[in-house]
Amino acid sequence: MVSEVVPIPSRVESLAKSGIQVIPKEYVRPQEELNGIGNIFEDEKKDEGPQVPTISLKEIDSEDKEIREKCHQELKKAAVEWGVMHLVNHGISDELIDRVKVAGSTFFDLPVEEKEKYANDQASGNVQGYGSKLANSACGQLEWEDYFFHCVFPEDKRDLAIWPKTTADYIPATSEYAKQIRNLATKIFAVLSIGLGLEEGRLEKEVGGMEDLLLQMKINYYPKCPQPELALGVEAHTDVSALTFILHNMVPGLQLFYEGKWVTAKCVPNSIIMHIGDTIEILSNGKYKSILHRGVVNKEKVRISWAIFCEPPKEKIMLKPLPETVTEAEPSQFPPRTFAQHMAHKLFKKDDHDAAAEQKIFKKDDQDSAAVHKASEKDDRDIVAEHIVLKEDKQDSAAEQKAFKKVDQVIVAECKVLKEDEQDAVAEHKVFKKDDQDVVTEHKVLKHVPVEESE
């Protein structure tokens, strides 16, 4: 008698509400990814150790130069040392933020069957709408979250047909919030530009300006998890965006990889979390950091976060360190790439099946180089063994001996080619050496999912 295979529900919410006590193996992360996962509520209460900085923007536009510059320096310091910060006194009203949260929460309060009416179609490349993460091609694991993803700015690039109609306030509240985040981004770009010794409008221009910078919203929904010590809401990653702005429902879950260990971010009332993304890290030649981070889950409370990613146009701009950030002492750390190429680069590195255990983004380059070297050494051993066998056959004709020598010469030439390939791999590894700073356990696949995965 063949036992019936019970399919896993397509939505994490359905799985969480099914009453299971053990999560399916597809959601169990590799052991090396689980370091630093404890009781998130206890972790958030701890006062010892490094803490994500909180930056007040109250004086960001102060007419008093000294007061204004003090604010700018604090923001710059956080961008250089952490690449993430809690923004307070940011100028966006609590009332508007509450409206955005209520609108998003109302959507996720609907039955799954109702939310499915807004489902995206990842297989066809349509990632806007309601969805869940597909399996990671590198490790085959899933993330403990559902989400809603859509473009929110500029207005002419939005598709309001897919926006939730579950509450009359969703479109007006989200639209107004997107506008105000866009204005806040302009102020942040200005401060970061000045911090690099550039004109205040420079970074905003380099990422597309008001016309081409795209704002994408991803509402992340993390259901309660019966085994939170084995799962991740969002796996370790850096954001590819220029900037990311995040709201949450005051349930902890964000962890940052800082100074060699995972740090749990505290929940700061009335704050917006801001990440420096890869795009700004590249333009600044690594002076501003795009920090590795992840989202963890718990068994007590549902966590919801609202992330807005500020992305440059995919093909229009070449991302590379600005000339003013490159010197003989600080050469360019990043090769020129379009935003689309940068996303592809982050995707392709995930094809390494050892990604789950990798300590560096480009460790695969080292492994490939070593593999080539081993292959070359094996060829050498094979040649020696083959040569000994051939020499034992003393009855070979002179013509055969010449033929064998010719074979030896061809194989030796092939060995040289292999060794040249090894040298090329090492050279390529040096070119992309900066990318080694990003990942310890990261193995995210971007294919068929929203590019961004912030917590």
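Looking at Lys320, its side chain never comes within 3.5 Å of a backbone N or O of Ile282 through a donor-acceptor pair. Looking only at distances, no side-chain donor or acceptor of Glu26 sits under 3.5 Å from a matching main-chain atom of Gln141. With Gln341 contributing its side chain and Thr338 its backbone, the two residues share a donor-acceptor pair below 3.5 Å. Using modelled atom types, no side-chain atom of Ser105 and backbone atom of Val102 make a donor-acceptor pair closer than 3.5 Å. The closest donor-acceptor contact from the side chain of Glu281 to the backbone of Val240 lies at 3.5 Å or more, if one exists at all.
Between the side chains of Arg202 and Ser193, not a single donor N or O lies within less than 3.5 Å of an accepting N or O. Under the 3.5 Å distance criterion, with hydrogens and angles disregarded, no donor-acceptor pair is assigned to the side chains of Thr174 and Arg99. A donor-acceptor pair shorter than 3.5 Å can be found between the side chains of Ser124 and Asp121. Side-chain contact, Glu44 with Thr264: no donor N or O sits under 3.5 Å from an acceptor N or O. Side chains of Asn249 and Tyr222: a donor-acceptor N/O pair is absent below 3.5 angstrom, by distance only. Side-chain atoms of Asn285 and Lys287 include no donor-acceptor pair closer than 3.5 Å.
Not a single ring pair (Phe, Tyr, Trp, His ring centres under 6.0 Å) links His72 to another residue, sequence neighbours left out. For Trp306, there are no ring pair (Phe, Tyr, Trp, His ring centres under 6.0 Å) partners at least two apart in sequence or on another chain. With sequence neighbours left out, the side-chain contact (heavy atoms from CB on, under 4.5 Å) criterion links Glu59 to Ser62, Ile67, Cys71. In this structure, the side-chain contact (heavy atoms from CB on, under 4.5 Å) partners of Glu176, at least two apart in sequence or on a different chain, are Leu96, Lys179, Gln180. Partners of Tyr221 according to the ring pair (Phe, Tyr, Trp, His ring centres under 6.0 Å) rule, which considers only residues two or more places apart in sequence or in another chain, are Phe108.
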After noting the C-alpha distance and the side-chain angles of Val191 and Phe189, does the key distance pass the side-chain contact (heavy atoms from CB on, under 4.5 Å) rule?
CA-CA 6 Å; Val191 173; Phe189 285 136; over 6 Å; no

Might you work through the salt bridge (charged side-chain N to carboxylate O under 4.0 Å, His left out) test for Lys70 and Glu74, ending with a clear yes or no?
CA-CA 6 Å; Lys70 183 176 184 293; Glu74 289 175 352; 2.9 Å; yes

What verdict does the salt bridge (charged side-chain N to carboxylate O under 4.0 Å, His left out) test give for Glu204 and Arg182, after you've listed the backbone C-alpha separation in whole Å, the side-chain angles of each residue and the deciding distance to 0.1 Å?
CA-CA 11 Å; Glu204 180 162 17; Arg182 183 63 187 86; 2.7 Å; yes

Take Asn220 and Ile304 through the test side-chain contact (heavy atoms from CB on, under 4.5 Å) and record every step on the way to the result.
CA-CA 5 Å; Asn220 301 290; Ile304 307 177; over 6 Å; no

Run Val12 and Tyr27 through side-chain contact (heavy atoms from CB on, under 4.5 Å) and show every step you take.
CA-CA 10 Å; Val12 180; Tyr27 292 91; 3.8 Å; yes

Is there a salt bridge (charged side-chain N to carboxylate O under 4.0 Å, His left out) between Lys218 and Glu145? Walk through the geometry before answering.
CA-CA 12 Å; Lys218 182 168 178 256; Glu145 72 148 346; 3.1 Å; yes

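Here the closest heavy-atom approach between residue Val296 and residue Ile40 is recorded as CG2-CD1, 3.3 Å. Across Tyr177 and Ile97, no two heavy atoms sit closer than the pair CE1-CG1, 4.3 Å. Heavy atoms only, all atoms of each residue included: Ser56 and Asn89 are closest at OG-ND2, 2.8 Å. Listed here is the closest heavy atom pair of Phe339 and Pro313: CB-O, 3.6 Å. The shortest heavy-atom contact between Trp163 and Cys151 is CZ2-O, 3.4 Å. Closest heavy-atom contact between Glu235 and Arg294: C-CB, 3.9 Å.
A distance of 11.5 Å separates NE2 of His237 from CD1 of Ile291, quoted to the nearest 0.5 Å. Interatomic distance, OG of Ser305 versus OH of Tyr147, reported as 13.5 Å (0.5 Å rounding). Annotation: the span from Leu160 atom CG to His150 atom NE2 amounts to 9.5 Å, rounded to 0.5 Å. Lys133 contributes atom NZ, which lies 13.0 Å from atom CG of Asp146 (distance to the nearest 0.5 angstrom). Distance check, rounded to the nearest 0.5 Å: OG1 of Thr325 to CG of Leu198 gives 8.0 Å. With rounding to the nearest 0.5 angstrom, the CD1 atom of Ile317 is 10.0 Å from the NZ atom of Lys205.
Taking the six-membered ring where tryptophan is involved, the planes of His275 and His293 are essentially parallel, since the angle between them stays under 30° and well short of 60°. Ring orientation note: the planes of Trp82 and Tyr258 are close to parallel, at an angle under 30° on the 30°/60° scale. Ring orientation note: the planes of His342 and His345 are tilted relative to one another, at an angle of 30° to 60°.
Atom CD of Glu116 has more than 12 neighbouring heavy atoms from other residues, nucleotides or ligands inside a 6.0 Å radius. Within a 6.0 Å radius of NZ in Lys157, other residues, nucleotides and ligands contribute more than 12 heavy atoms. Within a 6.0 Å sphere centred on NZ of Lys101, heavy atoms belonging to other residues, nucleotides or ligands number more than 12. Within a 6.0 Å sphere centred on CD of Glu199, heavy atoms belonging to other residues, nucleotides or ligands number 12 at most. By the 6.0 Å contact criterion, NZ on Lys261 is open, its count of non-hydrogen atoms from other residues, nucleotides or ligands being 12 or less.
Counting heavy atoms from C-beta on, the side chains of Leu214 and Pro154 come closer than 4.5 Å. In this structure, the side chains of Phe309 and Asp239 come closer than 4.5 Å at one or more pairs of heavy atoms. Two residues are said to be in side-chain contact when any heavy atoms from C-beta on lie closer than 4.5 Å; Val297 and Arg303 fail this criterion. Taking the side chain as every heavy atom from C-beta outward, Leu57 and Ile55 approach each other to under 4.5 Å. Two residues are said to be in side-chain contact when any heavy atoms from C-beta on lie closer than 4.5 Å; Thr279 and Glu311 fail this criterion. Residues Glu32 and Leu34 form no side-chain contact, since every pair of their non-hydrogen atoms from C-beta on lies 4.5 Å or further apart. Using a 4.5 Å heavy-atom threshold, the side chains of Thr244 and Ile308 count as separate. By the 4.5 Å heavy-atom criterion applied to side chains, Asp212 and Lys316 are counted as neighbours.
A salt bridge between Asp61 and Lys187 is present, with a side-chain N of the basic residue lying under 4.0 Å from a carboxylate O of the acidic one. Ionic pairing of Lys346 and Asp278 is present here: one or more N-O contacts between side-chain nitrogen and carboxylate oxygen are shorter than 4.0 angstrom. Of the charged side-chain nitrogens involved, at least one lies within less than 4.0 Å of a carboxylate oxygen, so that Glu13 and Lys17 count as a salt-bridged pair. Ion pair Lys266/Asp47 flagged as a salt bridge, since at least one NZ, NE, NH1 or NH2 atom sits closer than 4.0 Å to an Asp/Glu carboxylate oxygen.
For residues 244-259, there are no salt bridge (Lys or Arg N to Asp or Glu O under 4.0 Å) pairs, not counting sequence neighbours.
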